[in-house]
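Contents: one structure, followed by commentary.
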Amino acid sequence: MDSKIMEALSFMKELDAEYGDIRLKDIFTESIKIENGQVTDLSTNRSRGMGIRVYADGAMGFAATSDLDDMDSIKNTVRLAYDTAVASSMLIRSKTTLAPKDVVTANYSTQIKSDPFSVPFEEKIELLMNCSTIMSKEEGVSYCEATLDFRKEEVIFADIEGSYITQTFYNSGGGIEAIARASSDTDTQTRSYGNILKAGYEAILELNLPKHAEIIAKEAVALSKAKDCPSGEFDLILMPTQMHLQIHESIGHPTELDRVLGSEAAFAGASFLSPDDATSNLKYGSEHVTIVADATDAMGDRGLGTFAYDDEGVPAQNITLIEKGIFKNFQSSRDNASVVNQNSHGMGLSDGWENLPIVRMTNINMQPGGFTLDNLISGIEYGFLLEENKSWSIDDKRINFQFACEIAREIENGKLTGRIFKNPIYTGRTTEFWGNCDGVCNQEHRQMVGTPNCGKGQPMQIMRVGHASQPARFRKVRLIANG
Amino acid sequence: MDKDLACTLIEKVKKLTSDKYCSVINIEGTRQNVTRFANSEISQNTNKSDINMSLTLHDGRKEATCGTNVLNDEGLQRLVKDAESLLAISPQGNYEFASWGKPSLHTTESDKELRLIYDAKGRAETIKEGIKDFETDFTAAGALVLENKISAYGNSYSDEVLFASLDNVQFNTVVTHKPSNADGGGECISHQANQLNIKEAFSHAKHWATLGSDTSNLVTLNGGEYTVVLSPMAVGNLVAFLGWSLNAKRVADGLSFCNSSLSNAPKLGENINIYDDVNDSRVFPWYFDYEGNKRQTIPLIEKGVVKNLLYDNKTAHLLGAEQKGHAYSNKGNGGASLHTIMLGGDSTQEEVIKSTTRGLYISDFHYTNFVNPCTLQLTGLTRNGTFLIEDGQITKPVTTMRFTQNILEAFTNVEVISKELTVVNDDGWASVMPSIKIERFCFP
């Protein structure tokens, strides 16, 4: 394949392309799903292809093909990308420039202890069957499922300037879910548990799914008999299983520079931030809130957004987005970084060979504070500790959000009472909410949560990103009634 | 890919597969040429083409599926080998594959004009033409997509191969009045060139952005219940969630508002009629489902009563129901409506607004999601133009509002439905929606 890549790059030069790069990805996936004790999905898939980006006449064109056998097909794809760039130049106000990067030759692979594709299917099925049996034993559980998902991605990046980078990534994910039906015919409550990391099969074993199968089955049944969470203004503690999406939606997306510059205005939406905000000392949250975009995995969290080079050949970086509540940096890729006269922060990523790299989150992590969970709880007269997201929504400027969680645990006089409530729903406004954060737990409480379904772009790209966080306390949050 | 190539590939895989098993082969392909624009210039211009083949093997109640887009001989051999290995260790399930019933099908013909008009140059020219008269205060963002969908189905029970290939164009735009940050939206989707009016979609978007730019009258309303007039795009957004709740698998799993026998399904307003109708000329002619079944026209809601759930073969078998050609995978995930049509009423769109003493006109919703799928409580935000209606007239722009509303209740409170129907984009498929007026819509 190397010779074909080199020939394609030479062809770009023959066409007089201003810049060009090629990404070849070969992606293998494996899925197992067991529902109510039956295997309902046992499947593998392979997707291999080449994405080619060409700049000509100051504009960009991209074309992708899965037909890699025939050099003519690859050359035709280069030609299509070139012609598309020329067509793009019919409607541009100024020539596109790319922020500079170094020419590199490099190789990287996810560090794994156990190759998930080498673990026998039988062993994986047995693990899930065991979980299913445990969950279905709990009286009141009407549905249960257990899943495993694995992905191996082999990537070659090469560009017209001489960079050549090979990377191999592994993702391992596992999850369980129990649904309990309440007395009414249709009202059900769900409890779930699981995670997905850039790791090998060891990540599955660390999850200890069977132990948690028993816990979530009991909690699903208890929730089905519980009362709706009260509405009103309360103090909340968000656990990492909810915090990850709070960070994702209200910090991750609004700090993407392409959204700030309007590139996503017609679909995913824009941002309440403006390009000047990186230097305006904008107060995004309280002094307890420090958020980084860390593709380097500096703290060893194994987040899904970990790599050595992004899909533009820019090195992985650890960028501070918010420092002690003050907004500092945008997430960027080469084309939009150049608009604000900066270097790329290494976030030009695509979900596969067939799509164009755009600004995507890496691991958007909350940095640890100094509290223990008991400290946080002890500071609440009456409130709730919320776990596990089940619904999310935010406006197109990323200001007005609403989330629902699976379970609310009651806190009274600084202690968990043991009472639980179903259907907690809270709503807020981004900077006000983060401004009301008055405590973050220490590193011992840190948890990386994989978010494998982040949608953005046209055509829609589904990206896999990570969010490490600790439990954090928020004052005066509005909870609304389940209707 | 044409039908001959699809047949050749399917035949090759069948020959490579042991005749001990029943094999089902799906080919799904997409070619998309997408020109995106932002700040009134082209920002991305992409072309992608991919064809994936999946092989599902059945041995009694055992089943395994492997897929690949590497369609050379080596790739196909590996596909078959992997599927046979996986089947060997698959445990017995609760469903045995039933043979395909060879439906007689219409053939799908693409409109050749689409590729001629909407090549890369044509897409750039169309966008340029759409925004050429905009004053400098207005900018446009959006996407113009030329798409080809491909689907082929074959199995070891028959030599026949089902094949469909359809070109279509999808367009969406948001026009922004920069000084006021007021947005307006427009879209169109069709498989017929003469049904696309992209210039009108730009004008529509600009119209709402212009109305919204009147910041001296911009109002922020308190939460509460409001009468709302929803555009066809906004209606389509809510109806999509209603359709999703009729997926028989979700119903069986306890993630819907009704049970499998529909005995507890609440009655909506008598004026609510929603169908899945592949034979309507406005929607995409896509006549067989993922499992090779003929797509049938079915009422989903008729005079407010839920009439049908959407099945795949396996869910239908396990629930003792009849599948009617709505499978979207072969994993027993239930069915989906890809040709949703809500019937119109008696009023003109103008009359829908004129009949409103005080209420809100909502152009579109953003980021709608289930809050509780069992009650069909949804939340979402207004987008691309929300306006106060006073005494039958649109008077003032309104800032973004969040609704949290039980949609079953909302569809019992539909007071007026427009007779004009608009084709809207339902996740890459065409659906047909009216404008409606709903009383007591909740913005908490």
Side-chain angles (χ1 to χ4, degrees), chain A residues 38-49 59-66 69 80-81 83-85 87-88 90-93 121-122 125 142-143 179 181 185-188 262-267 269 354-356 391-396 400 402 404 423 425 427 458-459 480 482-483, chain B residues 32 34 36 38-39 41-51 64-70 72 82 86 89-91 93-94 120-121 124 127-128 141-143 172-174 176 253-255 257-259 264 331-332 366-367 369-372 374-375 377 379-381 383 400 402 404 406 444:
Chain A
Q38 302 286 333
V39 176
T40 55
D41 184 16
L42 184 60
S43 60
T44 66
N45 195 57
R46 181 183 186 188
S47 179
R48 186 188 70 171
M60 187 277 296
F62 173 85
T65 180
S66 56
D69 292 334
L80 178 59
D83 289 345
T84 304
S88 300
M90 291 167 62
L91 188 58
I92 53 171
R93 283 179 300 187
F121 271 99
E122 292 92 327
I125 291 169
S142 57
Y143 170 86
I179 296 179
R181 198 177 287 275
D185 213 1
T186 52
D187 188 15
T188 58
S263 303
E264 296 290 327
F267 190 66
E354 71 274 37
N355 283 319
L356 180 72
S391 170
W392 60 95
S393 172
I394 190 163
D395 71 283
D396 58 335
N400 175 336
Q402 181 172 309
N423 301 322
I425 306 162
T427 186
Q458 283 179 291
I480 64 169
N482 174 46
Chain B
Q32 281 187 328
V34 182
R36 296 186 84 189
N39 302 311
E41 64 179 344
I42 290 176
S43 54
Q44 293 169 10
N45 215 341
T46 65
N47 308 273
K48 72 173 181 181
S49 166
D50 190 22
I51 293 169
T65 301
C66 291
T68 186
N69 72 345
V70 181
N72 56 24
D82 287 351
L86 204 52
I89 56 93
S90 171
N94 59 353
K121 195 169 165 229
I127 295 163
K128 204 171 178 179
N172 70 293
T173 187
V174 169
T176 303
D253 292 348
L255 295 172
F257 64 87
C258 57
N259 60 21
N264 67 343
K331 294 186 176 176
H366 176 75
Y367 224 138
N369 204 346
F370 286 112
V371 176
N372 186 342
C374 300
T375 55
Q377 186 188 33
T379 191
L381 297 118
R383 186 180 187 180
T400 300
R402 171 178 292 285
T404 299
N406 179 315

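Numbers restart at 1 for each chain; the letters A, B, ... are given by sequence-line order, proteins then strands. All values reported here derive from a predicted model rather than from experimental measurement.
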Notebook entry, point to check: What closest approach, in Å, do A/Gly262 and B/Ala141 show between heavy atoms, and which atom pair accounts for it?
Noted result: O-CB, 4.5 Å
Note to self: Looking only at the side chains, is there a donor atom on one of B/Arg36 and A/Ser263 sitting less than 3.5 Å from an acceptor on the other?
What the structure shows: no
Next item on the list: Give a yes or no on whether the backbone of A/Phe62 and the side-chain of B/Asn47 come within a donor-acceptor separation of less than 3.5 Å.
Entry: yes
Next item on the list: Report the option among B/Ile127, B/Thr404, B/Thr173 that has the most heavy-atom pairs separated by less than 4.5 Å from atoms of chain A.
Entry: B/Thr404
Check: Is it the backbone or the side chain of A/Ile92 that comes under 4.5 Å from a heavy atom of chain B, or both, or neither?
Finding: both
Check: Can you tell which of A/Asn423, A/Asn400, A/Ile179 has the highest number of heavy-atom pairs within less than 4.5 Å of chain B?
Finding: A/Asn400
Next item on the list: Please tell me if the side chains of A/Met60 and B/Asn45 come closer than 4.5 Å, counting only heavy atoms from C-beta onward.
Entry: no
Notebook entry, point to check: From A/Leu42 CG over to B/Cys66 SG, what is the distance, rounded to the nearest 0.5 angstrom?
Noted result: 8.0 Å
Item checked: CD1-CG distance between A/Ile394 and B/Leu381, expressed to the nearest 0.5 angstrom -> 8.5 Å
Note to self: Checking side-chain polar atoms at under 3.5 Å, does B/Asn369 have a donor or acceptor matched by the opposite partner on A/Gln402?
What the structure shows: no
Notebook entry, point to check: How far does NZ of B/Lys128 sit from CG of A/Leu91, to the nearest 0.5 angstrom?
Noted result: 6.5 Å
Check: What residue, out of A/Ser88, A/Gly49, A/Ala87, A/Ala85, has the most heavy-atom pairs lying under 4.5 Å from chain B?
Finding: A/Ser88
Notebook entry, point to check: Heavy-atom distance under 4.5 Å between the side chains of B/Asn39 and A/Arg93, does that happen here?
Noted result: yes
Next item on the list: Verify, without hydrogens or angle tests, whether A/Thr188 (side chain) and B/Gly254 (backbone) share a donor-acceptor contact under 3.5 angstrom.
Entry: yes
Check: By a 4.5 Å heavy-atom criterion (distance strictly below it), what part of A/Asp396 contacts chain B: side chain, backbone, both, or neither?
Finding: both
Next item on the list: Measure across A/Met90 and B/Ala124 and return the closest heavy-atom pair with its distance rounded to 0.1 Å.
Entry: SD-CB, 3.9 Å
Notebook entry, point to check: Just wondering, do A/Ile125 and B/Pro91 contact through their side chains at under 4.5 Å, heavy atoms?
Noted result: yes
Next item on the list: Starting at NZ of B/Lys48, measure out to OG1 of A/Thr65 and round the result to the nearest 0.5 Å.
Entry: 13.0 Å
Item checked: Non-hydrogen side-chain atoms of A/Thr40 and B/Lys331 separated by less than 4.5 Å -> no
Item checked: Over all atoms of both residues, closest heavy-atom pair of B/His366 and A/Asp395 -> CD2-C, 3.4 Å
Check: To the nearest 0.5 Å, what is the distance between OH (A/Tyr143) and CG (B/Asp253)?
Finding: 4.5 Å
Next item on the list: Measure the spacing between SG of B/Cys374 and CZ of A/Arg181 and express it to the nearest 0.5 Å.
Entry: 8.0 Å
Next item on the list: For B/Asp50, check salt bridge (Lys or Arg N to Asp or Glu O under 4.0 Å) against everything at least two apart and list the hits.
Entry: none
Margin query: Can you tell me which of B/Ala120, B/Ala38, B/Ser49 forms the most heavy-atom pairs within a distance under 4.5 Å of chain A?
Written below: B/Ser49
Note to self: Just so I understand: if I count every heavy-atom pair under 4.5 Å between each of B/Leu86, B/Thr379, B/Val34 and chain A, which residue has the most?
What the structure shows: B/Leu86
Next item on the list: May I ask you to name which of A/Val39, A/Thr427, A/Asp83, A/Leu80 has the most heavy-atom pairs under 4.5 Å with chain B?
Entry: A/Leu80
Notebook entry, point to check: Do A/Ile425 and B/Gln377 have side chains that get closer than 4.5 Å, going by heavy atoms?
Noted result: yes
Notebook entry, point to check: Excluding sequence neighbours, so at least two apart, what forms salt bridge (Lys or Arg N to Asp or Glu O under 4.0 Å) with B/Asp82?
Noted result: B/Arg78
Check: Quick one: does B/Asn172's side chain have a donor or acceptor within less than 3.5 Å of a partner on A/Ala266's backbone?
Finding: yes
Check: Within the distance-only criterion (no hydrogens, no angle test), does the side chain of A/Ser393 pair as donor or acceptor with the backbone N or O of B/Tyr367 below 3.5 angstrom?
Finding: yes
Item checked: Smallest separation among heavy atoms of B/Gln44 and A/Glu264, with atom names -> NE2-OE2, 4.5 Å
Margin query: Looking at every non-hydrogen atom in both residues, tell me the closest pair between B/Ile51 and A/Ser66 and how far apart they are.
Written below: N-OG, 4.2 Å
Next item on the list: For chain A, find which of B/Glu41, B/Arg402, B/Arg383 contributes the most heavy-atom pairs closer than 4.5 angstrom.
Entry: B/Arg402
